[in-house]
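Heads up: the structure comes next, in C-alpha cells.
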Number of protein chains: 2
Amino acid sequence: MSQHFSIAEENYIKIIYHLQQTDDNVNTNEVAAALNTKAASVTDMLKKLKQKKILNYEKYQGFRLSEAGEKIALAIIRKHRLWEFFLVEKLQFGWDEVHEVAEELEHITSKKLIDRLDVFLGNPKFDPHGDPIPDSNGKLPHQPQINLIDLALNKLAEVSAVGSQSKELLDLLKHKKIRIGTQLEVNKKFAFDHSIEIKIVGQTSFNISQQLAQTLFVKPLNK
Amino acid sequence: MSQHFSIAEENYIKIIYHLQQTDDNVNTNEVAAALNTKAASVTDMLKKLKQKKILNYEKYQGFRLSEAGEKIALAIIRKHRLWEFFLVEKLQFGWDEVHEVAEELEHITSKKLIDRLDVFLGNPKFDPHGDPIPDSNGKLPHQPQINLIDLALNKLAEVSAVGSQSKELLDLLKHKKIRIGTQLEVNKKFAFDHSIEIKIVGQTSFNISQQLAQTLFVKPLNK
DNA sequence: TAAATATTTTAGATTTGTCTAAAATTATTT
DNA sequence: AAATAATTTTAGACAAATCTAAAATATTTA
C-alpha cells in the first residue's frame with residue numbers, strides 16, 4: 001500500500017515543501033544549504049524521489065513536489081507541529097526549545113499515535129509559533145493574518161505567528177515580552193530606517209526594527 | 001562528552017541487556033534470533049560495541065554489557081516504558097498495542113524530554129505491563145512483589161502496589177473494594193480471556209480481567 | 001554572442017549496517 | 001579422543017546516504 005520513507009527522504013520532502021511556498025521552482029543549492037549537505041547529495045536524492053513519484057523534476061530545470069509529495073509533506077508538518085504543541089502545553093518547554101526535539105518526533109510513523117495525540121491536545125489549530133497545524137486529511141486551517149509592518153496605525157491587533165523559529169529571534173521576542181496572543185498596536189512608522197514604534201497593551205511603547213516587524217504576523221482585532 | 005549511539009546500536013544494547021538478565025553469558029545466535037538478523041551481522045556489531053567500551057566480549061567466548069553499557073540500556077528501557085505508560089494512560093491505547101510505537105519513541109534522544117514526561121505522568125514506577133521503570137539515574141525500583149496474574153492458585157497474598165495511578169484504574173479499584181493491604185487469593189484462571197477469579201478475605205469471589213490483574217502487584221503471605 | 005561565472009550533474013569513494021558462503025573454533029557424541 | 005555437529009567468525013558483496021573532484025549545462029556579463 002502506502003510507501004514508506006526513510007528519515008533522510010522525509011527531511012528532503014519537508015524542506016522542499018517549505019521552499020516551494022515562496023519559490024515557484026526549487027533548486028539544488030537551496031536544498032543543500034537548508035539541509036546542511038552538498039549539492040551532489042541533493043541530486044542523488046532528487047532522482048530517488050522522482051522515481052518514487054514524489055517529485056516533479058527534470059535535470060537542470062528545478063523541481064517541485066508532486067501532489068503525492070505535498071500530502072506526505074503535510075503529514076510530516078502535522079506531526080512536527082502537534083508535537084511542538086505537546087511539548088509546550090503539556091511538558092512546559094519554552095517555545096524556543098522545542099524545534100530540535102520535534103525534528104526527531106516528526107518521524108515517528110504511527111498514524112494512530114498522531115491522531116490520538118491530536119485529540120488529547122484538543123485539536124489545536126496552531127502550534128506555539130502560530131503556524132497552522134494540518135488536520136488528519138492534510139488540510140491547513142485558514143488564518144487571515146498580515147505582516148506587522150503592514151498593520152494600519154493605531155489599530156489593535158494580536159500577534160498570531162512568527163516568521164522563523166531561530167534561537168536569535170525567539171530570544172529577542174522573549175526579551176521584548178512578545179508572544180503569540182500578545183495584543184499591540186503600531187503608533188508610528190519611521191521612514192528613515194523603516195523601524196516602527198509599537199505599544200503592547202498595558203505597557204509603555206517602544207521601537208522595533210524593520211527586520212523584526214517583517215517576521216511578525218498579526219490578526220487585526222475589531223475593537 | 002557522552003557518546004552517541006545509532007538506532008541499530010541501541011537495539012543491540014537493549015536486547016543484550018534483556019538476554020543477560022537470565023543468561024550469565026549471552027551468545028551470538030540468541031541475539032540474531034531476537035533481532036531477526038543473522039549471526040554474522042551480530043558479530044560485526046559486537047566488535048563495534050566492544051570498541052566503544054560498551055561490551056565485554058572475547059571472540060567465541062560470549063559477552064555481556066559493560067557497566068557503561070548497562071547504564072545506556074537502562075536509559076533506553078526507561079524511555080520505552082515511560083512512553084508505553086503515556087500511550088496507555090493519556091492516549092487510550094490498549095496495553096497490547098503500545099509496544100511497536102514505543103520501540104520507535106525510545107530512540108528519541110532528548111533527556112530533558114524524558115525527564116519532563118516522567119514528571120507529567122506522575123513519576124510512575126511500573127509500565128502498563130507491570131515492568132519497573134528505571135529512574136533518571138538508571139535505578140530500578142525495588143520490587144519484592146509479583147504480578148497478581150502470576151500468583152499461584154489458592155495462595156493468600158496481600159495487594160502491595162498498583163501499576164498506575166490513573167483515575168480510571170483507581171475508580172475501578174474503589175468499586176471493587178481493592179486497596180493496598182487487601183488480602184486475597186486466586187481461585188481459578190480462565191484460559192479463554194485470561195481473566196481470573198479472585199476471593200477477597202471476608203467477601204464472595206468474583207472475576208477480574210487480565211488487564212486489571214496485570215496492573216496489580218501482590219506479596220504472597222505465608223499462612 | 002562569446003567568455004566568464006555559477007549551478008547542477010556525474011563518476012567514483014566512503015561509512016553504516018546488512019547479507020551469503022566459507023572457514024575457524026567450540027561442543028557433543030560415540 | 002576422534003568424528004560429527006553446532007556455533008561463531010571472516011571474507012567479500014551490497015544498498016543507502018553521503019562526500020570530493022571533475023564534467024556538463026545554464027546564466028550572466030562584457
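Per chain, numbering begins at 1; letters A, B, ... match sequence-line order.
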### Task
Using the test side chain to side chain contact (heavy atoms under 4.5 Å, CB included), find all partners of Glu97(A) that sit at least two apart in sequence or belong to another chain.
Phe93(A), Lys112(B)
### Query
Taking only residues two or more places apart in sequence or in another chain, which ones pass side chain to side chain donor-acceptor pair (under 3.5 Å) with Lys14(B)?
Glu103(B), Glu106(B)
Output one line per pair: protein atom, nucleotide atom from nucleotides 3-5 of chain D, and distance, for all N/O pairs under 3.5 Å.
none

### Query
Under 3.5 Å, is there a donor-acceptor pair between the Ser160(B) and Gln145(B) side chains?
yes
### Message
Are more than 12 heavy atoms, taken from residues, nucleotides or ligands other than Lys111(A), located less than 6.0 Å from that residue's NZ atom?
### Response
yes
### Task
Encode nucleotides 24-29 of chain C as B, S and - characters from 5' to 3', where the letter depends on protein heavy atoms closer than 4.0 Å: B to the base, S only to sugar-phosphate, - to neither.
BSS---
### Message
Output one letter per nucleotide in nucleotides 11-16 of chain D: B when a protein non-hydrogen atom lies under 4.0 Å from the base, S when only the sugar-phosphate is that close, - when neither is.
### Response
-----S
### Summary
Atom CD of Glu10(B) and atom C1' of dT16(C) are separated, to the nearest Å, by 15 Å
### Task
Look at the side-chain N and O atoms of Asn29(A) and state whether any lies under 4.0 Å from the OP1 or OP2 oxygen of dA6(C).
no
#### Entry: Value in whole Å for how far the C1' atom of dT16(C) lies from CE of Met45(B)
8 Å
### Query
Is the shortest side-chain N/O distance from Thr43(B) to OP1 or OP2 of dT9(D) below 4.0 Å?
yes
### Note: Asp96(A)-Lys167(A) ion pair, threshold 4.0 Å (strictly below)
no
#### Entry: Pairwise 5' ranking along DNA chain D for Thr37(A) and Lys47(B), keeping only the more 5' one
Lys47(B)
#### Entry: Residue-phosphate contact under 4.0 Å: Lys38(B) side-chain N/O, dA21(C) OP1/OP2
no
### Message
With a 4.0 Å limit, can you tell me whether Tyr57(B) has a side-chain N or O closer than that to the phosphate oxygens OP1/OP2 of dT9(D)?
### Response
yes
### Task
Over 60° means perpendicular and under 30° means parallel, so classify the ring planes of Phe86(A) and Trp83(B), tilted if in between.
tilted
### Task
Check the side chains of Thr109(A) and Glu104(B) for a donor-acceptor pair under 3.5 angstrom, ignoring hydrogens and angles.
yes
### Query
Between atom CG in Leu46(A) and atom P in dT25(D), what is the gap in whole Å?
18 Å
### Message
With a cut-off of less than 4.0 Å, is there a side-chain N or O of Thr28(B) near OP1 or OP2 of dT7(D)?
### Response
no
### Message
Between Ile7(A) and Ala39(A), which residue's closest nucleotide on DNA chain D lies nearer the 5′ terminus?
### Response
Ile7(A)
### Beyond-backbone contact of Leu65(B) with Asn56(B), side-chain heavy atoms, under 4.5 angstrom
no
### Message
So, does Asn27(B) get its side chain near the phosphate of dT7(D), meaning an N or O under 4.0 Å from OP1 or OP2?
### Response
no
### Query
When you measure from the centre of the six-membered ring of Phe120(A), is the NZ or CZ of Lys90(A) under 6.0 Å away and within 45° of the axis?
yes
### Message
Are more than 12 heavy atoms, taken from residues, nucleotides or ligands other than Lys53(A), located less than 6.0 Å from that residue's NZ atom?
### Response
no
### Query
CZ of Phe63(B) versus C1' of dT9(D): gap in Å, rounded?
12 Å
### Message
Which residue is it: Asp118(B), Asp135(B), Asp127(B)? I am looking for the one with a salt bridge (charged side-chain N to carboxylate O under 4.0 Å, His left out) to Arg78(B).
### Response
Asp118(B)
### Message
Checking Asn137(A) now: which residues fulfil side chain to side chain donor-acceptor pair (under 3.5 Å) with it, not counting sequence neighbours?
### Response
none
### Task
Send over the distance from Asn36(A) CG to dT18(D) C1', rounded to a whole Å.
13 Å
